[in-house]
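The structure presented is a predicted model; accordingly, all values stated were derived computationally and were not measured. Letters A, B, ... mirror the listed sequences (proteins, then strands); counts begin at 1.
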Protein chains: 2
Amino acid sequence: MKIGELARLAGTNVETIRYYERDGLLPIPSRSEGNYRIYGETHVQRLSFIRRCRSLDMTLDEIRVLLHFKESPQENCADVNRLLDRHIGHVAQRMQELQELERQLNDLRERCGEARDAAHCGILDSLSQAIAPSGKTASHVLGAHGHAANRRLAKGYQGNQG
Amino acid sequence: MKIGELARLAGTNVETIRYYERDGLLPIPSRSEGNYRIYGETHVQRLSFIRRCRSLDMTLDEIRVLLHFKESPQENCADVNRLLDRHIGHVAQRMQELQELERQLNDLRERCGEARDAAHCGILDSLSQAIAPSGKTASHVLGAHGHAANRRLAKGYQGNQG
DNA sequence: CTTGACTCTGTAGTCACTCAAGGGTTTCTA
DNA sequence: TAGAAACCCTTGAGTGACTACAGAGTCAAG
């Protein structure tokens, strides 16, 4: 099958597949006469595995480890357990952070129940003063907006809120 | 004061300040004879405001809106309320996703209580099969576009579903 | 033979920073 | 007063996991 069909079967889009290939997550496929990538059932399996892991918010590096174990069935899978435990820890931690965040935001929201002019907006007022700081992210699980910058915090950035 | 002191006072690091300047969040400061940036109290205020908003996981674009309102005190602050409501919505949604995620991960973890060889690892087994969707498709917008969807939230991007 | 769907490579953009190279300036110390 | 250390400057590249686009080639159907 060609890349479009693989994409449909695995629920990915085409660029992502090529990206995974470049990144070494998918093996380099054979090519047709016209230089099209040709895939088989094993590719569908592997790509689906990757997408399933991604849907659990695992990083590509974590997935790389799992793929390694899938391919070395004789090895002890304690590392798989450890990886998952760590990941569960990340998720739990991020949830706590988000709960605290939600609390602060609702707090903030209550300060300006109805529209007035910005000069008397309780929200802007509060943001202009110090808010009790919450320890910043230390997990790779995405923040409220799910963008990748949060992950930088996961990699050893130790916050600096004094 | 010079950039280093501003950084200390606001609990940021120096590169971040220069980044905010490039990005238009901080006004261009005056310079010393030796071409050093020179800041005053207003810069401390503004930078602290930005960092406080960032600690609430707001995007720089959201913060830009808030800064605008801080500088136009006569305007009605209904937009501030709307912005915050939307942001609270993002956080709430992300929390729900993480709760579902946590459930799935714990599920998964239970399948391999102790270390064996990878060939019989229940975790790898499960990841190799479809995971019961349990209605996640509706809220998680999963499969192909799950994570792009998060990014869309951040910018109001109207998806393409090609 | 053309149209349109699909595919190819390569490059750049996203977000919010962070880091490093290679230099200049200022301040402290001997 | 010399020199070292600490600070600052600009520029450019890197992060994660993609997404988007340009400009070209391939292929099947009408």
Which comes earlier along DNA chain C counting from the 5' end, the contact point of B:Leu60 or that of B:Glu33, where each point is its nearest nucleotide? B:Leu60
Just N and O in the side chain of A:Ser32: are any of them under 4.0 Å from OP1 or OP2 of D:dT26? no
Salt-bridge test for A:Glu62 and A:Arg86: reply yes if a basic N is under 4.0 Å from a carboxylate O, no otherwise. no
Does a side-chain N or O from B:Thr59 land closer than 4.0 Å to OP1 or OP2 of C:dC15, or not? no
So, OP1 or OP2 of C:dC8: does either fall under 4.0 Å of a side-chain N or O from A:Arg37? yes
With sequence neighbours excluded, tell me which residues meet salt bridge (charged side-chain N to carboxylate O under 4.0 Å, His left out) with A:Arg64. A:Asp23, A:Asp61
Listed nucleotide nearest any side-chain atom of A:Asn35, set C:dT27, D:dC18, C:dC8: C:dC8
Examine C:dT9: is either OP1 or OP2 under 4.0 Å from a nitrogen or oxygen in the side chain of A:Arg31? Give yes or no. yes
So does B:Arg51 get a side-chain nitrogen or oxygen closer than 4.0 Å to the phosphate oxygens (OP1/OP2) of C:dC17? yes
Please tell me if B:Arg22 has a side-chain N or O lying less than 4.0 Å from either OP1 or OP2 of C:dA16. no
Duplex segments of DNA chain D, taken as runs of at least three Watson-Crick or G-U pairs that stay under 3.5 Å: C:1-30 with D:1-30
Where each residue is assigned the nucleotide of DNA chain D containing its nearest heavy atom, which of A:Tyr36 and A:Arg18 is assigned the position nearer the 5′ end? A:Arg18
Side-chain donor-acceptor contact under 3.5 Å, B:Arg51 with B:Tyr20: yes
Between B:Pro27 and B:His43, is there a side-chain heavy-atom distance shorter than 4.5 Å? yes
Given D:dT10, D:dT19, C:dT7, which nucleotide is nearest the side-chain atoms of A:Ile3? C:dT7
Which residue lies more 5' along DNA chain D, comparing B:Ile38 with A:Ile50 via nearest heavy atoms: B:Ile38
